[in-house]
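Take a look at the structure below.
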Amino acid sequence: AAWILKTGKGRLKPCLLALGAVLLACLVNPYGPRILASPLGHVTASGIPASVMAEWRPPDLAAAFAGGDWAMIAFGLVLAFGLLSFVPRRAGDGSLVADLALYAGSAAMALASYRFVPVFLVASLPIIGWNVSAAARRPGLTGWLGRRAGARGMGFWTGAARVAVACAILASMAADLAFRSRDYPLGMSFSQAGFPKGAVDFMKRSGIGGNVFNSFDHGGYVASRLYPDARIFIDGRIDLYPADLFRTYMEVFETPGKIDEVDREHGLDAALFEWNEVGASGLAGHLVRSPSWALVYFDSRFCLFVKRQVQRESGLAEYTALGPDDVLGRLDGYGDDPDMIQRALAEADRLVRDAPDDPLGSIARGYVKERLLLEPGYDCRDYREALGKDDGYALSYLLLGACLGSLGRIDEALAVFDGLLAQDPGNVPALVQAGLCHYRKGDLAAAKDRWERAAAIDGPDDLLRGYLRLVEGI
């Protein structure tokens, strides 16, 4: 408003056109005008626990500077420089009060919650640029700069500086986009590594839809691929949901029986969530024991349950010998039951088919063959297959290395454990097993080093104390 009054009424028309477009967008979107007010409302009372969602927490600038969080360090520097940039401004400047109010308001939002840092940057950077230009226009500095501008004059060099800054920003954005999208043609896609791709593929193949209880982080992905056949319970647009909905979602994981109430209220047909998240194993266990639900898909991260009626109508097989939580522990319990061992092997084969890109099915199949069926001449091929599917999954390394070690192929086993330690230097099981490989090779000093590192991380248990006694005095 101050800018319009200062520069003339001719500026009013484009501003009114922009305002009209914003108001029109409010009519088009399903949330109405409250979509504009929601950020301000959430600064004061979001109804969302900051202890659960990191983006709602206030930024800790002291920890950022101590820990080298460069994004937050840059935010802190912009915040400080922005305050200093107001020093050259004159009290008679007609837009000073408006600029100060906008800067202070957006800074308060950013300091209240991580998620408003981009809002602050969008609002403050033009103001900081204007402040800097105001400083450059001061008489003493203008004369000094003018004498050094040469024949081309200040206008040329000012324009050249703007073009250079704009080109640098565009080049950095293009480089970032090219790096993050380097595996996709023209960058027109995104990585699905962190999303329930296998589970959603399975749902599409099997015709599973209806009302789906889902993990908060992946609601948008599930909706984008399954709508309108499936309706999700929640997604990332938490700003526009009633606070009670998020509380109900959290209660389901805190008190697994709560999902029965959600089912009665909303008529659920399926539940898709990360089984290894905090609280999720309790929910998975509740659904496994419930007579109303059937486990029809799981992999190393996600599990899918459907109601019994949906299972019967879709003709889907249920997993009963295998489950998403403690797969190997379950298998160890079948050591004296040939029927359960064969059922587990059949389900492991089915899991490989249901989730062909996930390592867990191959791991379960290899474990049954190697540890339960004691298959003669087993060559660890399923563990190798699992590692080929996901070279970041630690269990594949541990089982492959142990299998190779049992065959006497110590150098190969050690290479596998070292590969895991290169990714995760603090992996205690890998350190213990690598120590055993070095011990069997006769390199007692290396064995002692691995075992001492493991003991320093987790504390020595009885087994590790026994290993350390083997290398005392080395």
Side-chain angles (χ1 to χ4, degrees), residues 180-181 183-185 187-238 241 245 249 252-253 259 262-263 266-277 279-281 283-284 287-288 293-319 322-325 327 347-364 386 388-390 392-393:
R180 288 186 288 111
S181 305
D183 296 329
Y184 307 102
M188 302 302 289
S189 187
F190 66 96
S191 172
Q192 301 188 64
F195 295 94
K197 179 181 182 300
V200 173
D201 287 345
F202 179 84
M203 293 176 75
K204 290 178 71 73
R205 291 195 305 268
S206 306
I208 299 173
N211 295 330
V212 181
F213 180 86
N214 60 280
S215 297
F216 166 80
D217 291 340
H218 309 106
Y221 176 81
V222 176
S224 70
R225 294 198 56 199
L226 295 179
Y227 182 85
D229 298 323
R231 304 297 177 99
I232 59 172
F233 183 78
I234 196 169
D235 64 19
R237 298 170 298 174
I238 197 67
Y241 283 130
L245 182 71
Y249 170 81
V252 168
F253 290 97
I259 197 169
V262 175
D263 182 22
H266 297 282
L268 298 178
D269 298 293
L272 170 61
F273 55 91
E274 285 189 271
W275 59 265
N276 56 0
E277 288 293 300
S281 60
L283 176 59
L287 296 179
V288 165
W293 293 87
L295 175 65
V296 295
Y297 174 93
F298 70 96
D299 56 34
S300 57
R301 285 190 61 183
F302 298 94
C303 59
L304 173 66
F305 292 84
V306 298
K307 298 297 286 292
R308 291 286 177 186
Q309 182 178 350
V310 175
Q311 180 208 2
R312 290 192 292 268
E313 292 174 352
S314 304
L316 296 172
E318 179 182 5
Y319 286 94
L322 300 181
D325 55 329
V327 174
E347 290 190 6
D349 287 334
R350 173 154 43 98
L351 187 57
V352 172
R353 295 192 299 272
D354 288 345
D357 298 324
D358 190 84
L360 196 55
S362 300
I363 286 173
K389 293 177 179 180
D390 184 355
Y393 196 57

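What you see is a predicted model; the values in this text were computed from it and never measured.
- Side-chain contact between R231 and N211 is present, with heavy atoms from C-beta onward closer than 4.5 Å.
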### Task
Would you sort out whether F273 and L287 count as a side-chain contact (heavy atoms from CB on, under 4.5 Å), showing the intermediate values?
CA-CA 12 Å; F273 55 91; L287 296 179; 3.8 Å; yes

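- Here the side chain of D229 pairs no donor or acceptor atom with the backbone of G209 at under 3.5 angstrom.
- Residues Y221 and P196 come closest through the heavy atom pair CD2-CD, 3.8 Å.
- By the 4.5 Å heavy-atom criterion applied to side chains, L226 and K204 are counted as neighbours.
- The shortest distance between side-chain heavy atoms of I363 and V327 does not fall below 4.5 Å.
- When all heavy atoms of P356 and K389 are compared, the pair lying nearest together is O-CE, 3.1 Å.
- Among residues two or more places apart in sequence or in another chain, the side-chain contact (heavy atoms from CB on, under 4.5 Å) test is passed with D217 by none.
- Between the side chain of W275 and the main chain of D299, a donor-acceptor pair closer than 3.5 Å is present.
- Note on ring orientation: taking the six-membered ring where Trp is involved, the planes of F213 and F253 are tilted (angle from 30° to 60°).
- For D269, there are no side chain to side chain donor-acceptor pair (under 3.5 Å) partners, not counting sequence neighbours.
- Annotation: side chain to side chain donor-acceptor pair (under 3.5 Å) contacts of D354 (sequence neighbours excluded): Y319.
- To the nearest 0.5 Å, atoms CZ (F305) and CH2 (W293) are separated by 9.0 Å.
- In this structure D349 satisfies the side-chain contact (heavy atoms from CB on, under 4.5 Å) test together with L345, R353, R365, sequence neighbours excluded.
- The shortest non-hydrogen separation linking L304 to A270 is CD1-CB, 4.2 Å.
- Distance check, rounded to the nearest 0.5 Å: OH of Y297 to CG of D201 gives 8.0 Å.
- S206 meets the side-chain contact (heavy atoms from CB on, under 4.5 Å) test with F202, I208, L316; sequence neighbours excluded.
- When side chains are defined from C-beta on, P324 counts as touching L295, because their heavy atoms get closer than 4.5 Å.
- Between the Y249 side chain and the F216 main chain, a donor and an acceptor come within less than 3.5 Å of each other.
- With sequence neighbours left out, the side-chain contact (heavy atoms from CB on, under 4.5 Å) criterion links R308 to A294, Q311, R312, E318.
- Closest of all the heavy-atom pairs between I259 and A271 is CD1-CB, 4.5 Å.
- By the 4.5 Å heavy-atom criterion applied to side chains, L360 and Y393 are counted as neighbours.
- Tested against S362, the residues V352, D390, L351 include a single side chain to side chain contact (heavy atoms under 4.5 Å, CB included) partner, V352.
- The shortest distance between side-chain heavy atoms of L272 and M203 falls below 4.5 Å.
- Of the possible donor and acceptor atoms, none in the side chain of N214 sits under 3.5 Å from a partner among the backbone N and O of I232.
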